[in-house]
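Worksheet: one structure, shown below.
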Amino acid sequence: MDELPLRAVVIGSGVGGAAAALLLSHAGVPTLLAEKERRLGGSAAAYERDGFRVDTGTHMLCRGEEGPLGDVLRRVGQRDAITFRQSSDPAALCVAGGARGAHNGAGPRARRVVLQAELWRLAGAARELARGLDLTALEAARAARLLAHAAAMRDVDLAACDDATAEAYAARFVPRAAAAARLGGLLGLPLLLPGAEASAGEALFCWRRIARSGQQRYPEGGAARVPEVFCRLARELGAAVWTGAGVRRVLVSDRRVRGVELEDGTALPARIVVSTAGLLPTVSGLVGEAHFPEAYVARARALAPQPRQVQVKIGLRRRLVAAGALAGLGGESDGDGAPALPFYCLVPTRFDPSLAPPGHELLCACAVSGGRGGAPAASVDGLLRALAGAVPGLLSDAIFVDGAPSDGRGEAFAQAGELAAGTAQTPGQVGRARPAVYTPVRGLYLAGRAAGGRGAGMELAASSAIECVDRILVDMGRDLGAPAPPALIDIAGDLLGRAAASTVTWAARPRG
């Protein structure tokens, strides 16, 4: 091992891989990033169509410079390298849903509910949400308590909910099965999982961040801007960034990483390999199960992967959506507890109008697929109906709808079915039970949405990369220093959240 150069190879250029390469380079570790595609970005790449710059994935809004993406930039002294924009609209995130009636034959009638960042407005938001979900007055009061608790929870409180599903957690407040199913479906949306499968602890963690951070943000230039900037900064620090360089296998002997072999047969010696391919693809594909303990292999095989989501990308000739994002429930509940189709729709042009021709609008939407929880199977048609119910006139104003691998212009979009790669954030797979960023093979680490980190989307990938590189540096004998104390604004936010939760809980308590 001593004769090998101290080189790190990062496999994959998505947000997690690009962040890991940047942080390693900043730490002085000679680093090579290998990307199998000809373009950078992985699931955060983009393609051009009809004057639109379209994200290949459907990404969650982020906290921008205040979250893990900003943490990566701050660590390398490049705080302002990416501009994160807020929506010009009063609210960045809305909920659309409704169980009764049709909207001009296009789908269920939708009700928009602005998600208020101010804690004292949670009761009003819950009341509007209750109308959209057909909750009774008592259920609406209990929903207000749920939202207040979510905003004020401490990490230890969230951890206690890790092994419950979002739907089961909702049922603690709203016992009626149909209401709990629909409310649980909304709670699970940040994790892109049905409410009957999503971990309540992890889902509430995401909603707490939304409630505390105020307006959400999106990168100027689209999601692809994040890995592009990370890779550029890594190059400036001396890293090599190769595209069209697929890794065939990770070279291992005596349970130690020796390097990687590329698809063209090139062998690259290395002491450290960071894989963003996912746990099971890394163990069974890139490395080989014989190099791992049997229990570790069994665990990798038993993990539930993030399910594939149906996605559509819609270019509109005029601006129709007065929100930065829509989250909702399409279709109708059958009244016996079966949840409607959960969907999420980002409107990137509400943050950066330059992503479309002047006066036009871009929508990137996905539907959470059915699974063990009994949610209806997602389809492009079902997602379009849900969107049409939330945005009247949507389809008549569409210039294009990219929604299936068979679409004639959709080579870039055809890869979208693979964009949900990662470890599903279900009970038994979050918190302490989430796969670790290190492995039994010395020098082999994991980053991205498959291991480590918390949250959702790009923030999850960046959080994982930070955790991964910190672990690598500790294993190298580096002193990371003492963690920074909590910021006063975080302490104040926690105290205000608890005060608001107590007030809403008292006001919404059952009477009689």
Side-chain angles (χ1 to χ4, degrees), residues 14 37-61 82-85 87-89 92 96 106-107 218-229 243 308-326 330 343-367 378-420 457-458:
E37 303 296 339
R38 292 292 178 183
R39 61 183 177 183
L40 296 172
S43 63
Y47 66 98
E48 305 285 339
R49 173 161 188 187
D50 297 327
F52 292 76
R53 181 171 170 81
V54 186
D55 293 339
T56 56
T58 301
H59 302 283
M60 292 288 168
L61 294 174
I82 298 175
T83 299
F84 294 95
R85 291 190 173 185
S87 171
S88 59
D89 301 291
Y218 205 64
E220 182 181 273
R225 180 70 176 157
V226 175
E228 288 170 359
V229 169
T243 57
R308 295 170 60 177
Q309 285 91 40
V310 169
Q311 300 195 53
V312 295
K313 311 303 165 79
I314 304 173
L316 299 176
R317 59 176 51 91
R318 63 189 179 102
R319 305 186 77 184
L320 292 176
V321 186
L326 293 172
F343 71 91
Y344 172 80
C345 176
L346 175 69
V347 191
T349 42
R350 288 286 165 169
F351 298 86
D352 184 358
S354 71
L355 296 172
H360 292 55
E361 192 141 77
L362 173 65
L363 278 62
C364 299
C366 68
S379 67
V380 170
D381 288 343
L383 176 53
L384 289 176
R385 285 195 297 271
L387 292 173
V391 185
L394 174 76
L395 298 181
S396 61
D397 278 290
I399 299 172
F400 65 84
V401 176
D402 283 347
S406 60
D407 188 280
R409 305 286 290 276
E411 179 182 355
F413 179 74
Q415 301 169 9
E418 304 174 2
L419 296 180
M458 293 185 291

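In what follows, every heavy atom counts, from backbone to side chain, and hydrogens, waters and symmetry copies are set aside.
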Between the side chain of D352 and the main-chain N/O of S354, is any donor-acceptor distance below 3.5 Å?
yes
Non-hydrogen atoms of L387 and A365 that approach each other most closely
CD1-CB, 3.7 Å
Could you tell me the separation between the CD1 atom of I314 and the CG atom of D402, rounded to the nearest 0.5 Å?
9.5 Å
Minimum heavy-atom distance A390-P392, with the two atoms named
O-CD, 3.6 Å
Would a distance-only check, ignoring hydrogens and angles, find a side-chain to backbone donor-acceptor pair under 3.5 Å from H59 to S43?
yes
For residues M60 and Y344, report the shortest heavy-atom separation together with the two atoms involved.
CA-OH, 3.5 Å
Going by the angle between their ring planes, with limits at 30° and 60°, are H360 and F52 parallel, tilted or perpendicular?
perpendicular
Residues two or more places apart in sequence or in another chain: which of them pass salt bridge (charged side-chain N to carboxylate O under 4.0 Å, His left out) with R225?
none
Within the side chain of R39, is there an N or O that forms a donor-acceptor pair under 3.5 Å with the backbone of A46?
yes
Heavy-atom closest pair, residues R350 and G324
CB-CA, 4.1 Å
Rounded to the nearest 0.5 Å, what's the gap from CG on L346 to CG on L363? Could you check?
8.5 Å
Using the rule given for side chain to side chain contact (heavy atoms under 4.5 Å, CB included), can you reason through M458 versus Y218, listing the C-alpha separation, both sets of side-chain angles and the distance that settles it, and then say yes or no?
CA-CA 10 Å; M458 293 185 291; Y218 205 64; 4.3 Å; yes
Is a donor on one side and an acceptor on the other found under 3.5 Å between the side chain of R53 and the backbone of G221?
yes
Do P348 and L362 touch side chain to side chain, with heavy atoms closer than 4.5 Å?
yes
Closest heavy-atom pair, L320 versus E361, reported as atoms and distance to 0.1 Å, is N-OE1, 2.8 Å
Quick one: salt bridge (charged side-chain N to carboxylate O under 4.0 Å, His left out) partners of R318, sequence neighbours excluded?
D397
Would a 4.5 Å heavy-atom cut-off, applied to side chains only, mark V321 and L326 as touching?
yes
T56 side chain to A45 backbone, donor-acceptor under 3.5 Å
yes
Correct closest heavy-atom pair for V54 and F400 would be CG2-CZ, 4.2 Å
Is there a side-chain contact between K313 and T58 (heavy atoms, below 4.5 Å)?
yes
Taking T349 for the side chain and L355 for the main chain, is one N or O donor matched with an acceptor at less than 3.5 Å?
no
